[in-house]
Amino acid sequence: KQEVTQIPAALSVPEGENLVLNCSFTDSAIYNLQWFRQDPGKGLTSLLLIQSSQREQTSGRLNASLDKSSGRSTLYIAASQPGDSATYLCAVYGEKLTFGTGTRLTIIP
Amino acid sequence: DAGVIQSPRHEVTEMGQEVTLRCKPISGHNSLFWYRQTMMRGLELLIYFNNNVPIDDSGMPEDRFSAKMPNASFSTLKIQPSEPRDSAVYFCASTPTGPQQFFGPGTRLTVL
């Protein structure tokens, strides 16, 4: 059974800093990995989708990497802003779609 | 496009009552997913449809849960009878061809 872990569960950083969020998964037989953000009381918004043949995807200040062999993905956020405060979830598409428990990010102005 | 539409946004009901959650996917999307989110278990996939046909319902927790998709623009998730442990936020998501999912705002269900 696929297990997806995100550590830390919560993270606070000052505005302007670069930061990395981590996602690890136990079964490397995956098709895709997707990063989402969830604002309080809202649904999920897709940020980046990495297909299994890719190693990274970039969108603006966000960069996501994927290392299937080690079962790890990272989401890099450059020059963080208060508007980046949200919960970030990774989701692994394998035999089943499995979500991580998320990292709650707070950017301190 | 208005995005994925879910109704109601909030539902409070008493144990034993029937609850019906509704979802309108984005027009043209081929697949529809129902999720449940709780603090304890995070986000769980309950069931998904492809071209209105249920493909995988292995995430449906019990027979009390049922889902239908009578046409490409409407789906329901029904809980009968509801129990307090069903309290959660239920999300619907749809996808065009390909894996990227678009989520609705969710329905917050409270069963007293």
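Each chain gets a letter, A, B and so on, in the order the sequences are listed, and its residues count up from 1. No hydrogens, no waters, no symmetry mates; every other heavy atom, side chains included, goes into these values.
Looking at Arg41(B), there are no atoms closer than 4.5 Å to chain A (heavy atoms on both sides), in backbone or side chain. Looking at Phe36(A), the atoms closer than 4.5 Å to chain B (heavy atoms on both sides) all sit in the side chain, from C-beta outward. Contact of Tyr35(B) with chain A is made through the side chain alone, with heavy-atom distances under 4.5 Å.
Nearest approach of Gln38(A) to Phe91(B), heavy atoms of both residues: NE2-CZ, 3.3 Å. Heavy-atom minimum distance, Gly41(A) versus Arg9(B): O-NH2, 3.9 Å.
Cluster annotation: Ile77(A) is connected to Leu33(A) through the hydrophobic network of ILVMFWY side chains, with a link wherever side-chain heavy atoms come within less than 4.5 Å. When the side chains of ILVMFWY residues are joined at heavy-atom separations under 4.5 Å, either directly or via intervening members, Leu47(A) and Ile30(A) end up in a single hydrophobic cluster. Transitive grouping of hydrophobic side chains (ILVMFWY, heavy atoms separated by less than 4.5 Å) brings Phe33(B) and Phe103(B) into a common cluster. Cluster membership check: Ile26(B) does not share its hydrophobic cluster with Leu21(B), using side-chain heavy-atom separations under 4.5 Å among Ile, Leu, Val, Met, Phe, Trp and Tyr. In the hydrophobic clustering of ILVMFWY residues, with side-chain heavy atoms under 4.5 Å counting as a link, Tyr88(A) and Leu66(A) come out together.
Here the OG1-CE distance, from Thr101(A) to Met40(B), works out to 12.0 Å after rounding to the nearest 0.5 Å. Put simply, CZ on Phe102(B) and OG1 on Thr45(A) are 10.0 Å apart, with the number rounded to the nearest 0.5 Å.
Under a cut-off of 6.0 angstrom, the local environment of CD in Glu14(B) is sparse, with at most 12 non-hydrogen atoms contributed by other residues, nucleotides or ligands. By the 6.0 Å contact criterion, NZ on Lys42(A) is open, its count of non-hydrogen atoms from other residues, nucleotides or ligands being 12 or less.
Counting heavy-atom pairs under 4.5 Å between each of Arg108(B), Gln37(B), Gln6(B) and chain A puts Gln37(B) at the top.
Contacts between residues 42-77 of chain B and chain A, counted as heavy-atom pairs separated by less than 4.5 Å, involve Leu43(B), Leu45(B), Asp56(B), Ser58(B).
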